[in-house]
There are 2 protein chains.
Amino acid sequence: MDSSEVRRAGRPRTSVLDRERILVAALRLLNSVGPEKFSMAALAGELGVKPPALYHHVKNKQALLVGMREVVNESIDVSGFGSLSWREAVERWARSYRAAFSAHPNAIALLATEPITGATRTLAMYECVVQGFLAAGWEASAVMGDMVALESFILGSALDVVAPDDMFDPGDAAAQTPGLAGVLAAQSALEGSRANHSFEVGLAIMIDGLARRNGVGM
Amino acid sequence: MDSSEVRRAGRPRTSVLDRERILVAALRLLNSVGPEKFSMAALAGELGVKPPALYHHVKNKQALLVGMREVVNESIDVSGFGSLSWREAVERWARSYRAAFSAHPNAIALLATEPITGATRTLAMYECVVQGFLAAGWEASAVMGDMVALESFILGSALDVVAPDDMFDPGDAAAQTPGLAGVLAAQSALEGSRANHSFEVGLAIMIDGLARRNGVGM
DNA sequence: ACCTGAACACCGTTCAAGT
DNA sequence: ACCTGAACACCGTTCAAGT
């Protein structure tokens with residue numbers, strides 16, 4: 001996009017691409033055009049390159065998506081574990097986890113379902129969380145189940161961020177769904193966004209419940 | 001696939017397709033071949049028809065996915081609301097909700113993120129849930145937030161169903177993640193699947209927490 | 001090693017032509 | 001109204017050819 005120079009075939013004197021530049025540009029593109037129009041061709045165009053050039057740096061589109069997921073995961077904040085209380089650390093982790101995805105709303109659908117097997121940085125993130133649970137007094141056999149339960153809620157909440165605001169709007173069928181219409185009206189009187197409110201309610205419940213079940217920070 | 005008859009151009013004497021047949025076949029196909037190989041062409045092939053024929057019954061692929069999501073939603077069980085206690089009804093709803101998606105593991109990634117705006121049958125499902133919350137004593141302004149929080153957890157848990165079992169396996173990096181390796185080993189001694197266990201733990205916590213916050217069924 | 005250009009099989013979708 | 005056949009623009013990906 002920047003340089004309007006024409007590049008002939010053959011290896012350039014200094015390489016124009018690298019994996020990191022590609023991943024960042026891909027995230028930017030996906031977030032701006034949405035999953036439908038996100039293609040290798042569009043990404044190449046954004047980077048001022050022809051599509052086959054990308055394949056020198058990423059194996060294929062699937063691998064590209066996995067890499068993008070890793071970049072998103074890297075902004076998840078686990079710094080609380082080891083310095084703050086379990087409750088404060090896990091709150092920080094959960095909020096930054098959801099925020100990481102909320103920062104790329106159009107990316108959520110594509111990225112949330114990519115398995116992140118074997119990504120070193122991501123495993124390091126889980127290691128911090130696990131250590132935090134253990135240090136707070138968790139039984140080893142309960143850590144994975146409890147962490148995954150919380151993570152499921154966080155990811156589900158991230159998906160909810162992109163749900164259209166009128167998703168529950170009955171429209172002209174409001175007469176058949178009086179309860180729904182009523183609670184929607186009652187809720188719209190509250191301050192703050194719908195999705196944020198649900199997340200905070202659920203997060204408080206999950207953290208309280210987990211702490212209670214494991215006799216932590218009562 | 002069944003009839004090896006060749007069909008010439010022109011309207012057939014009795015139509016071979018209808019919306020319901022298409023949606024059911026699409027769900028079957030998506031579930032068996034996975035999201036990558038799920039295409040209009042493949043679906044047409046499965047129905048013994050050429051791809052353009054599908055467009056007489058569904059507007060486009062996006063609309064097809066929305067319709068499929070509706071079919072999945074229809075197997076969610078709201079029969080408990082009105083007959084059972086709030087706690088039992090909401091448990092039945094949550095388990096059948098997750099089961100509906102778990103029945104189509106390959107479909108989850110594609111379907112979970114489709115908005116379901118304006119689907120009459122789906123709105124009817126939410127209406128039952130809302131009525132159940134109201135009947136149990138919920139404040140009108142709290143119903144949507146609480147229901148969506150629970151639903152976020154359920155959807156996140158449905159996504160977790162398809163996560164590969166070795167997702168957290170550190171592999172040769174086990175030395176760097178001793179905590180993770182330890183809790184994985186401790187957990188594998190437990191009976192039942194990893195995903196089911198997390199779901200049941202989280203569900204109990206969410207339902208207890210919601211009941212407690214709203215002074216229900218204590 | 002790292003780019004372009006040409007090529008491949010395949011996509012979703014439109015539309016005219018048939019009955 | 002509902003199917004096929006032909007056509008369109010566009011995919012992801014491979015590979016030879018250039019530097």
ask   = What do the steps show when you test B:Arg92 against B:Phe81 for side chain to side chain contact (heavy atoms under 4.5 Å, CB included), and what is the final call?
value = CA-CA 9 Å; B:Arg92 177 181 293 186; B:Phe81 295 106; over 6 Å; no
query = Do B:Val49 and B:Arg7 pass the side chain to side chain contact (heavy atoms under 4.5 Å, CB included) test, and can you show the C-alpha distance, the side-chain angles, and the key distance before you say yes or no?
reply = CA-CA 9 Å; B:Val49 114; B:Arg7 193 165 29 241; 3.6 Å; yes
task = Take A:Leu159 and B:Leu159, measure what side chain to side chain contact (heavy atoms under 4.5 Å, CB included) needs, and give me the verdict at the end.
result = CA-CA 11 Å; A:Leu159 289 177; B:Leu159 288 177; 3.5 Å; yes
query = What's the verdict on side chain to side chain donor-acceptor pair (under 3.5 Å) for A:Asp146 and A:Trp138, showing C-alpha distance, side-chain angles and the deciding distance?
reply = CA-CA 10 Å; A:Asp146 286 10; A:Trp138 249 256; 2.8 Å; yes
Intra- and interstrand pairs of DNA chain D - dot-bracket, Watson-Crick/G-U under 3.5 Å, | marks other strand = ||.|||||...|||||.||
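Within residues 12-23 of chain B, the residues approaching DNA chain D are B:Pro12, B:Ser15, B:Val16, B:Leu17, by heavy-atom distance under 4.0 Å. Of all the residues in residues 24-31 of chain A, not one reaches under 4.0 Å from DNA chain D with any non-hydrogen atom. Contacts with DNA chain C (heavy atom under 4.0 Å) in residues 60-69 of chain A: none are found.
Between A:Arg8 and B:Lys59, the residue whose closest nucleotide on DNA chain C is further toward the 5' end is A:Arg8. Nearest-nucleotide positions on DNA chain D for B:Leu54 and A:Arg11 put B:Leu54 closer to the 5' end. Of the two residues contacting DNA chain D, namely B:Ala53 and A:Ala9, the nearest-nucleotide position lying further toward the 5' end is that of B:Ala53.
Note on residues 142-191 of chain A: pairs passing ring-ring contact (aromatic ring centres under 6.0 Å, His included), not counting sequence neighbours, are A:Phe153-A:Phe199, A:Phe168-B:Tyr126. Evaluation of the ring-ring contact (aromatic ring centres under 6.0 Å, His included) test over residues 21-41 of chain B, restricted to residues two or more places apart or in two chains, returns none. Among pairs with a residue in residues 188-203 of chain B, those fulfilling salt bridge (charged side-chain N to carboxylate O under 4.0 Å, His left out) read B:Arg95-B:Glu200, B:Asp160-B:Arg194, B:Asp165-B:Arg194, at least two apart in sequence or across chains.
The footprint of chain B on DNA chain C, defined by a heavy-atom cutoff below 4.0 Å, extends from C:dC11 to C:dT19.
Ring-plane geometry between A:Trp93 and A:Tyr97 is classed as perpendicular, the angle between the planes exceeding 60 degrees on a 0 to 90 degree scale with a lower cut at 30.
At a threshold of 4.0 angstrom between heavy atoms, the contacts of B:Ala41 are confined to the sugar-phosphate backbone, with no base atom among them.
Here the closest non-hydrogen pair linking B:Ser75 and B:Ala100 is OG-CB, 3.4 Å.
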Side-chain donor-acceptor pairs under 3.5 Å in residues 21-30 of chain B, sequence neighbours left out?
unit_1: B:Arg21; atom_1: NE; unit_2: B:Val16; atom_2: O; d: 3.2
unit_1: B:Arg21; atom_1: NH2; unit_2: B:Val16; atom_2: O; d: 3.4

Side chains of residues 169-182 of chain B: which donor-acceptor pairs under 3.5 Å do they make with residues two or more places apart or in other chains?
unit_1: B:Asp169; atom_1: OD1; unit_2: B:Gly171; atom_2: N; d: 3.1

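Partners of B:Gln187 by side chain to side chain donor-acceptor pair (under 3.5 Å), not counting sequence neighbours: none found. Residues satisfying the side chain to side chain contact (heavy atoms under 4.5 Å, CB included) criterion with B:Pro52, sequence neighbours excluded, are B:Lys50.
For A:Glu74 and A:Arg121, the salt-bridge test passes: some basic side-chain N is under 4.0 Å from an acidic carboxylate O.
From B:Lys37, atom NZ reaches atom CG of B:Asn106 across 11.5 Å, with rounding to the nearest 0.5 Å.
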